[in-house]
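Below, read A as the first sequence line, B as the second, and so on, with proteins coming before strands; counting in each chain starts at 1. Values in this document were obtained by computation on a predicted structure and should not be read as measured data.
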There are 2 protein chains.
Amino acid sequence: MELSNKTEIIGSMLLKENIKPSYARIRIMEYLLSRKSHPTVDEIYTALVKEIPTLSKTTVYNTLNLFVKSNIARVITIEENETRYDADMSCHGHFKCESCKAIRDFSFKCAAIDTSDLDGFLIREKNVYYYGLCPECLASESQD
Amino acid sequence: MELSNKTEIIGSMLLKENIKPSYARIRIMEYLLSRKSHPTVDEIYTALVKEIPTLSKTTVYNTLNLFVKSNIARVITIEENETRYDADMSCHGHFKCESCKAIRDFSFKCAAIDTSDLDGFLIREKNVYYYGLCPECLASESQD
DNA sequence: CATATAAACTGTATTGGTTACAATTCTATT
DNA sequence: AATAGAATTGTAACCAATACAGTTTATATG
Ligand SMILES: [Mn+2]
Ligand SMILES: [Mn+2]
Ligand SMILES: [Zn+2]
Ligand SMILES: [Zn+2]
């Protein structure tokens, strides 16, 4: 069936990073991959605890920190107070609408950013955050 | 003398934004402008309280929030736990060395980032954060 | 100058996301 | 079944940031 297939795919992804594919870890990674919402710890916990009643919020924290350390998830610090997470490790930027608070991906060519100032630096990670208004909020704000 | 000249320049900068140029506000903005270190609230407070013994940390928070709202300073969320501030409002990126923790500016051409995915969006602010190793730390790490 | 009003500042209490840690449960091996 | 180690849990503690009420300072008016 499909669910076990997905479980196996995620399980082997974790095993490749020497992470034991426990049920909680698989479900957390599955949640990260299925949603493009860049969820917070609380969002992940609240969603999964319905199906995994024994789940602890500490486990969500531990698991996400483990994923980040293993480079299969990344931290999104687009907000000042709460950390968000993303399992999409491809090079892409994040736009946050200051009105509806939605955070969505946008693509850009990483190589297009000229970083001659950083010659001699080892660059491990790039985060690009844009802020503004999405088209929907822009339309509803102009009609006042 | 020079100090009063600097004070007047910062004072008129604040007045332009309808911010009353109180002593605390001028000194906080002066600290932000003189340092390129992107200081935290605690760094600013600790440095200034030596000269302004009555200074309250709440005032530092209030003042920085006021500056950010008036677009004469910006929040740097390059770290997960602590907010940093920058009075340099020009388009530039920030590089954080994961070894020595230093945060330094780098320049890039804002227009070079193709954002066709964001057609129809109103972009108000752009933050570019890079992480890695600075040349000094790179050299000291390779000699093991 | 004296008084009144508003703005700025201060100090403390509280909030909320995150981590520390010890106890418990689960998993794998013998 | 028994043991050891890993994973998970629940609570306590931490700490940056905010809320808030009280105090001080600045400005305006008579
Ligand atoms: Mn993303
Ligand atoms: Mn800067
Ligand atoms: Zn929106
Ligand atoms: Zn360094």
Would you mind checking if B:Glu43 and B:Arg35 are paired as a salt bridge, meaning a charged N to carboxylate O distance below 4.0 Å?
no
Can a salt bridge be assigned to the pair B:Glu82 and B:Lys101 using a cut-off of 4.0 Å between side-chain N and carboxylate O?
no
Distance-only side-chain donor-acceptor flag, B:His38 / B:Asp105, under 3.5 Å:
yes
Residue pair A:Glu17, A:Arg25: steps toward the salt bridge (Lys or Arg N to Asp or Glu O under 4.0 Å) verdict
CA-CA 13 Å; A:Glu17 302 295 329; A:Arg25 286 167 176 172; over 6 Å; no
For D:dT8 and A:Thr54 - does any side-chain N or O of the residue sit under 4.0 Å from the phosphate oxygens OP1/OP2?
no
Between B:Ser22 and A:Thr40, who's closer to the 5' end of DNA chain C by nearest nucleotide?
B:Ser22
Is the side chain of B:Tyr45 donor-acceptor paired with the backbone N or O of B:Thr59 at a distance under 3.5 Å, no angle test?
no
In whole Å, I'd like the distance from the CD1 atom of A:Ile26 to the P atom of D:dA7.
13 Å
When you measure from the side chain of B:Thr46 to the backbone of B:Asp42, do you find a donor-acceptor pair of N or O atoms at a distance under 3.5 Å?
yes
Do any of residues 42-51 of chain B sit with a heavy atom less than 4.0 Å from DNA chain D, and if so which?
none
Taking the side chain of B:Glu82 as heavy atoms from C-beta outward, which of D:dA17, D:dT8, D:dT9 is closest to it?
D:dA17
The criterion is side chain to side chain contact (heavy atoms under 4.5 Å, CB included); which residues satisfy it with A:Val75, sequence neighbours excluded?
A:Val68, A:Thr77, A:Thr83, A:Tyr85, B:Glu80
Measure from CD on A:Glu80 to C1' on C:dG16 and round the result to the nearest Å.
15 Å
Angle, rounded to 10°, between the helical axes spanning five pairs at each terminus of the helix from C:dC1-D:dG30 to C:dT30-D:dA1?
20°
Can you measure A:Ile52 atom CD1 to D:dT9 atom C1' for me and round it to whole angstrom units?
14 Å
Output the single nucleotide from C:dA8, D:dG10, D:dT8 whose closest atom is nearest the side chain of A:Ser56.
D:dG10
Counting distance only, does the side-chain N/O of B:Ser70 pair as donor-acceptor with the main-chain N or O of B:Phe67 below 3.5 Å?
no
When rounded to the nearest 0.5 angstrom, what distance separates NZ in B:Lys96 from SG in B:Cys134?
12.5 Å
Excluding sequence neighbours, so at least two apart, what forms ring pair (Phe, Tyr, Trp, His ring centres under 6.0 Å) with B:Phe121?
A:Phe95
Answer yes or no: is there an ion pair linking B:Asp88 with B:Lys36, defined by an N-O contact shorter than 4.0 Å?
yes
Measure the acute angle between the ring planes of B:Phe108 and B:Phe106, then classify it against the limits of 30° and 60° as parallel, tilted or perpendicular.
tilted
Linking I/L/V/M/F/W/Y whenever any side-chain heavy atoms sit under 4.5 Å apart, do B:Leu133 and B:Ile103 land together?
no
Donor-acceptor pair between B:His92 and A:Asp117 side chains, under 3.5 angstrom
no
Please give, in whole Å, the distance from C:dT10 C1' to B:Ile28 CD1?
13 Å
Length of the line joining A:Ile78:CD1 and C:dG17:P, which is rounded to integer Å:
18 Å
Treat primed atoms plus P, OP1 and OP2 as sugar-phosphate and everything else as base, then score nucleotides 23-30 of chain C 5' to 3': B for base contact with protein heavy atoms under 4.0 Å, S for sugar-phosphate contact only, - for none.
--------
Rounded to whole Å, please give me the gap between CD in A:Glu79 and P in C:dT18.
10 Å
So what does A:Thr83 touch, heavy atoms closer than 4.0 Å: a base, only the sugar-phosphate, or nothing?
sugar-phosphate
Name every residue in residues 57-66 of chain B that has at least one heavy atom under 4.0 Å from any atom of DNA chain C, in order of residue number, or write none if there are no such residues.
B:Thr58, B:Thr59, B:Asn62
In whole Å, what is the span from the CG atom of A:Asn18 to the P atom of D:dG5?
19 Å
In whole angstrom, give the distance that lies between atom OH of B:Tyr23 and atom C1' of D:dA26.
17 Å
